[in-house]
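Below you'll find the structure, written out as structure tokens, and then a few comments.
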Amino acid sequence: MKIYTELTQKVTVITKNATPYDVDGNKGITYRLVVMKDNDVEKIKVVDEKAYNLFQSGQEYLLTGEFDIRNARCSEWKVNGFKK
């Protein structure tokens, strides 16, 4: 089951990271945003390149995201966009 959520407060995107990986024959790119709210800084994953390209450093966003629940276990929350 996929659950969709949205934050209730805006965060500022400090920087964006796209990190390539190659683990046991699995290749890809992990997309992340580094965001700040008050004095708290967090690094969060983004679902894909399309969502990643929506963001610009230094801008404030009300993020939306998603996570999966399977066999009573939750996946990591990932950003999938933002509310305007």
Side-chain angles (χ1 to χ4, degrees):
M1 173 187 316
K2 193 172 290 269
I3 306 292
Y4 297 94
T5 63
E6 69 180 60
L7 298 184
T8 58
Q9 297 179 351
K10 289 185 176 184
V11 296
T12 302
V13 173
I14 298 171
T15 189
K16 299 167 37 170
N17 298 355
T19 308
Y21 63 87
D22 184 355
V23 179
D24 298 329
N26 295 321
K27 294 182 179 183
I29 300 175
T30 300
Y31 299 98
R32 290 186 177 93
L33 300 175
V34 179
V35 298
M36 182 173 71
K37 174 68 178 158
D38 299 325
N39 290 325
D40 190 18
V41 176
E42 298 292 337
K43 188 185 312 183
I44 52 179
K45 286 187 180 176
V46 181
V47 293
D48 58 22
E49 184 178 14
K50 181 180 175 186
Y52 175 81
N53 289 331
L54 296 173
F55 295 94
Q56 294 180 357
S57 297
Q59 300 294 314
E60 282 193 340
Y61 297 96
L62 189 58
L63 300 178
T64 60
E66 60 189 61
F67 63 96
D68 289 315
I69 300 176
R70 295 176 198 220
N71 298 323
R73 297 180 188 254
C74 294
S75 69
E76 182 177 14
W77 186 83
K78 296 180 182 179
V79 174
N80 63 10
F82 60 91
K83 295 285 183 178
K84 294 184 179 187

Heavy-atom closest pair, residues [X] and [Y]:
| X | Y | value |
| --- | --- | --- |
| K10 | E60 | CD-OE1, 3.8 Å |
| A18 | Y52 | N-OH, 3.6 Å |
| F67 | C74 | CE1-SG, 4.1 Å |

query = Got more than 12 heavy atoms from elsewhere within 6.0 Å of NZ, K83?
reply =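 Counting neighbours around NZ of K83, 12 or fewer heavy atoms of other residues, nucleotides or ligands fall under 6.0 Å, so no.
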message = Within a 6.0 Å radius of atom NZ on K50, are there more than 12 heavy atoms belonging to other residues, nucleotides or ligands?
response =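 Check fails, neighbour count at 12 or below.
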query = Aromatic rings F55 and Y61: how do their planes relate, parallel, tilted or perpendicular, breaks at 30° and 60°?
reply =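 Ring orientation of F55 relative to Y61: perpendicular.
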task = Tell me, with the steps shown, if Q56 and V13 meet side-chain contact (heavy atoms from CB on, under 4.5 Å).
result = CA-CA 7 Å; Q56 294 180 357; V13 173; over 6 Å; no
Linking I/L/V/M/F/W/Y whenever their side-chain heavy atoms sit closer than 4.5 Å, directly or via other members, would [X] and [Y] fall into one cluster?
| X | Y | value |
| --- | --- | --- |
| F82 | M36 | no |
| V41 | L62 | no |
| I29 | V46 | yes |
| L7 | V79 | yes |
| V47 | L63 | no |

ask   = Out of T30, V35, V34, which one pairs with R32 under the side chain to side chain contact (heavy atoms under 4.5 Å, CB included) rule?
value =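 One option only clears the test, and that one is T30.
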